[in-house]
> 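Okay, here's the structure, questions in a sec.
The chains referred to below are lettered A, B, ... by the order of the sequence lines, with proteins before strands, and numbering in each begins at 1. What you see below is based on every heavy atom in this structure, not just the backbone, and it leaves out hydrogens, waters and symmetry mates.
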Protein chains: 2
Amino acid sequence: MATILREADVNSGSLYHFFPTKESLLIGVLERYQRLLRPIVMDPVEKVTDDPIGRVFVLLDWYRSGMLRAQCKLGCPIGNLALELADNHPDVRRLADANFIGWTEAVKQWLIDAGDRLPSHINRGELAQMVLNTMEGGIMQSRARGEVAPFDAAVRQLRHYFDYLERDAKGAPPDATRQPKRSNRSRRSRRRT
Amino acid sequence: MATILREADVNSGSLYHFFPTKESLLIGVLERYQRLLRPIVMDPVEKVTDDPIGRVFVLLDWYRSGMLRAQCKLGCPIGNLALELADNHPDVRRLADANFIGWTEAVKQWLIDAGDRLPSHINRGELAQMVLNTMEGGIMQSRARGEVAPFDAAVRQLRHYFDYLERDAKGAPPDATRQPKRSNRSRRSRRRT
DNA sequence: GTCTATAAGAGGATAGAC
DNA sequence: GTCTATCCTCTTATAGAC
């Protein structure tokens, strides 16, 4: 609280007038994150490419840039709160969950947009959750490592999974090469490592 | 500290005699976790089955049981510390990383043991990291949700990826059914949901 | 609604006898 | 090595004038 008051150049009384407790301020922050997800994160990603599967990896690359900028510190604010406060603060837990759901729903829509490029038997919602796991897990390991390499490894494996999925959806022709082909996007992303 | 002193029924002076600071106590805990990984976690899992890929999913199911026992609270202690303390406590960061590395190295060995059941072009170390991502990401989402369902979804998608990998390693016969087959283990795990 | 000053309490750590 | 008592700082929150 003291840091916030100092950085915002606000006096104690003013802040407590609007947010009576520390928790209520955090609730406000989480509600704001929820509102800003589309305009700040998803819309810009969608502007980069129309390719729905490409968007998934543009999104992951966007987070990668953030990690680099922060030297693999800070991490995902929602993930941090989920692990630190979910157990003892029901309202925070609910809002963190809502943020996760908003994120995965946006990714899920892209995966739905991918249509028959993904096998029909694949649950788009679960696959979107796996994208989130890749991001959060990659961030967690990268923060522990102090390097972005674990994040890159996570994205590579996810890309590999998508390669299988796309090959499967195409009917897995018997003459397909064993080594799944790489899209331009994934190769570009790897070059930056 | 007060909680630890109370729960351990130890007096302040005694604890501070061995661990001069709060951080030094945490270091001791992390070193202990590292030592106990094999005897407490990996060895019991290896006793359940000789099947190297099966072991991966037995391990995940072991964490699932832990989540249920704790009603989706608590989570992974290493993951919690990685997100909360990695930035400002270099020694904690290093030991959290060492714990992750110990974990993934054990899984990596299983994946190496799987031999030609997995494609040769797959990096076993990266795949082991993906298993860790599945666990940590699944736990994070399950804590935010307050239910184990996200963890189960994460494991299902990982299982699906392994299905592709195993099919690929077999040579992806043209007459393979499109729906990848499920192993007994993964079906049993699903039944418990 | 905002200001300054401060209350109230938790938390980590220490002193010094035994 | 262990005991009791306590210091001291940091942190959240409030009081009351303006």
Side-chain angles (χ1 to χ4, degrees), chain A residues 1-36 70-99 140 143-144 146, chain B residues 1-36 70-99 140 143-144 146:
Chain A
M1 294 302 292
T3 307
I4 290 169
L5 291 170
R6 175 169 36 78
E7 294 289 315
D9 197 21
V10 159
N11 290 308
S12 173
S14 303
L15 181 55
Y16 278 98
H17 176 72
F18 293 101
F19 298 100
T21 67
K22 187 172 62 156
E23 274 70 27
S24 69
L25 176 58
L26 177 56
I27 299 296
V29 169
L30 280 166
E31 285 169 343
R32 188 178 171 83
Y33 269 119
Q34 202 175 2
R35 279 204 322 277
L36 294 185
Q71 292 157 342
C72 294
K73 304 195 176 194
L74 304 179
C76 166
I78 311 298
N80 297 348
L81 293 169
L83 293 204
E84 190 170 339
L85 299 172
D87 291 356
N88 303 311
H89 300 257
D91 296 343
V92 175
R93 184 197 64 69
R94 252 183 299 274
L95 270 166
D97 188 34
N99 271 276
M140 183 186 285
R143 285 180 80 191
Chain B
M1 295 302 292
T3 306
I4 290 169
L5 291 171
R6 176 167 37 78
E7 293 289 316
D9 198 19
V10 160
N11 291 309
S12 173
S14 303
L15 181 55
Y16 278 97
H17 176 74
F18 293 100
F19 299 100
T21 67
K22 187 171 63 156
E23 274 70 27
S24 70
L25 175 58
L26 178 56
I27 299 296
V29 169
L30 279 167
E31 285 168 344
R32 187 178 172 83
Y33 269 119
Q34 202 174 3
R35 280 204 322 276
L36 294 184
Q71 292 157 343
C72 295
K73 304 194 176 195
L74 305 179
C76 166
I78 311 298
N80 297 347
L81 293 169
L83 293 204
E84 191 170 340
L85 300 173
D87 291 357
N88 304 312
H89 300 256
D91 295 344
V92 175
R93 184 196 67 67
R94 252 183 298 274
L95 270 166
D97 189 34
N99 271 275
M140 183 186 284
R143 285 180 79 192

> Using side-chain contact (heavy atoms from CB on, under 4.5 Å), reason through B:Leu81 and B:Leu26 one step at a time and then give a plain yes or no.
CA-CA 10 Å; B:Leu81 293 169; B:Leu26 178 56; 3.8 Å; yes
> Can you check the B:Lys22 NZ to C:dT14 P distance for me, whole Å?
13 Å
> Partners of B:Asp91 by side chain to side chain donor-acceptor pair (under 3.5 Å), sequence neighbours excluded?
B:Arg94
> For B:Glu84 and A:Leu83, what are the C-alpha separation, side-chain angles and deciding distance, and is it a side-chain contact (heavy atoms from CB on, under 4.5 Å)?
CA-CA 9 Å; B:Glu84 191 170 340; A:Leu83 293 204; over 6 Å; no
> Nearest whole angstrom, please: distance from the P of C:dT6 to the CG of A:Asn11.
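After rounding, the gap between these two atoms is 15 Å.
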> Taking A:Asp97 for the side chain and A:Arg93 for the main chain, is one N or O donor matched with an acceptor at less than 3.5 Å?
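Looks like no, no N/O pair under 3.5 Å.
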> Is B:Ser12 touching bases, backbone alone, or none of the nucleic acid, heavy atoms closer than 4.0 Å?
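Base, at least one base atom sits under 4.0 Å.
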> Using the rule side chain to side chain donor-acceptor pair (under 3.5 Å), only one of B:Lys73, B:Gln71, B:Arg143 pairs with A:Asp87; which is it?
B:Arg143
> If each of A:Gly13 and A:Ala2 is mapped to the nucleotide of DNA chain D with the nearest heavy atom, which maps nearer the 5' terminus, i.e. the 5' end?
A:Ala2
> Without decimals, in angstroms, what is the distance between B:Leu26 CG and C:dG12 C1'?
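From B:Leu26 CG to C:dG12 C1': 14 Å.
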> If I take atom CE in residue A:Met1 and atom P in nucleotide C:dG9, what distance separates them, rounded to the nearest angstrom?
19 Å
> Is any side-chain heavy atom of B:Met1 less than 4.5 Å from a side-chain heavy atom of B:Tyr16?
yes
> Please identify the 5'-most and 3'-most nucleotides of DNA chain D with any atom under 4.0 angstrom from a heavy atom of chain A.
D:dT12 to D:dT14
